[in-house]
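For reference, the structure is listed below as structure tokens.
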Amino acid sequence: AAAITSTISADIEVNQSFQKDDSLFLPVDLLKEAVRRASYITVMNQCLCRTSNDCKDYPQDLGCIFIGPAARDIPEKYGHQATVEEALEQIDYAESIGLSHVMGRNKIDTIWMHVGPKEKLLTICHCCPCCCLWKVLADIHTDISDKVRRINGVRVKTRSENCVLCRKCLGDDVCFSGAIYLDEDENIIKVDQDKCLGCGHCTHSCPKDVFDLSYTQDSMDYVLDRIEALVDYR
């Protein structure tokens, strides 16, 4: 993992390795089910990425959600304990303005907030295409990018008969991983399944319902089992 030396806030100096477990881009239904099962939820006051980049396109005060027992110890200057209902409302709002949801566990989060252990803290980010860490996904080393992946059983397909070739889906603000492309031979929009992360953002960005996201019960079970293995909810 790459080393990071930076000032996270006015009073916290970090000089640590940026260690990551696997992170998952999640369809909103799977994410909301995970939050419903959480006993400890903290909503952050600000998004670190958007604030650091002085984001102009998406709310800087729409912060991450943390779940797990360690979330109780996050200082009030960074965030507040929230109900399941409040967290679900935030997810709906983030979804409505076009943000993508990624869930994972980052060592650096436990460091800059002075909480832990990391096994008891799980991060849910609402990522924008302009400021967030994963905007560089296509360009970072595979040792890191390979840790961000799609859940087995989640798939995005296209309804070509609905497409009017407006090409809005080809913009950088729609697909984080660059999976959507125009097949010039067939003159239709397609999804590269090897690149697709299954976040479902494209399904909300297309005015003609060209993209269809589906997932299996096994996908749901995997997410919930993985969370219970990562974070002791109680």
Side-chain angles (χ1 to χ4, degrees), residues 1-28 30-52 60-91 94 99-128 131-134 144 146-149 151 197 199 220 222-234:
I4 291 180
T5 303
S6 62
T7 301
I8 297 298
S9 71
D11 57 347
I12 302 175
E13 190 74 22
V14 174
N15 185 4
Q16 298 284 344
S17 294
F18 182 24
Q19 296 181 5
K20 289 187 58 59
D21 294 288
D22 285 356
S23 294
L24 302 170
F25 274 89
L26 289 185
V28 67
L30 299 187
L31 177 63
K32 291 171 81 170
E33 183 60 29
V35 169
R36 289 188 185 100
R37 300 193 181 199
S39 296
Y40 309 109
I41 304 172
T42 293
V43 172
M44 303 303 285
N45 298 331
Q46 293 180 315
C47 170
L48 185 61
C49 294
R50 283 188 282 274
T51 301
S52 299
Q60 295 183 24
D61 60 357
L62 187 65
C64 293
I65 296 173
F66 287 97
I67 61 177
R72 293 176 298 176
D73 300 324
I74 294 175
E76 291 184 0
K77 63 179 178 178
Y78 299 135
H80 66 277
Q81 294 186 35
T83 63
V84 169
E85 291 72 24
E86 181 182 353
L88 293 177
E89 287 179 8
Q90 173 160 313
I91 291 169
L99 301 182
S100 297
H101 314 289
V102 61
M103 181 180 71
R105 191 173 66 197
N106 302 332
K107 178 181 178 182
I108 197 169
D109 286 330
T110 60
I111 294 171
W112 74 269
M113 292 186 297
H114 301 299
V115 297
K118 69 185 180 83
E119 290 78 13
K120 294 185 179 293
L121 190 69
L122 196 65
T123 309
I124 298 169
C125 294
H126 312 297
C127 295
C128 63
C131 299
C132 290
L133 173 64
W134 301 118
I144 299 175
D146 285 351
K147 291 180 177 292
V148 185
R149 53 193 181 84
I151 305 167
L197 293 169
C199 69
M220 174 73 79
Y222 172 80
V223 170
L224 299 179
D225 290 346
R226 181 177 183 273
I227 291 172
E228 290 180 355
L230 273 176
V231 175
D232 178 7
Y233 273 136
R234 291 167 174 77

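Basis for what follows: all heavy atoms, side chains included, without hydrogens, waters or symmetry-related copies. Along the sequence shown, residues carry numbers from 1.
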Distance, nearest 0.5 Å, that separates [atom1] of [X] from [atom2] of [Y]:
X: Q60; Y: S52; atom1: CD; atom2: OG; answer: 9.0 Å
X: I91; Y: I65; atom1: CD1; atom2: CD1; answer: 4.5 Å
X: I41; Y: R72; atom1: CD1; atom2: CZ; answer: 13.0 Å
X: H101; Y: C127; atom1: NE2; atom2: SG; answer: 9.5 Å
X: R36; Y: L31; atom1: CZ; atom2: CG; answer: 9.5 Å
X: Y40; Y: L122; atom1: OH; atom2: CG; answer: 15.5 Å

Worksheet item: V43 and A82: which non-hydrogen atoms are nearest, and at how many Å?
Response: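 Minimum heavy-atom contact is CG2-CB, 3.6 Å.
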Please check this pair: side chain of [X] against backbone of [Y], looking for a donor-acceptor N/O pair closer than 3.5 Å.
X: T42; Y: A71; answer: yes
X: R37; Y: A34; answer: no
X: Q90; Y: G63; answer: yes

Discussion item. Is there a side-chain contact (heavy atoms from CB on, under 4.5 Å) between C47 and L62? Walk through the geometry before answering.
Written reply: CA-CA 6 Å; C47 170; L62 187 65; 5.8 Å; no
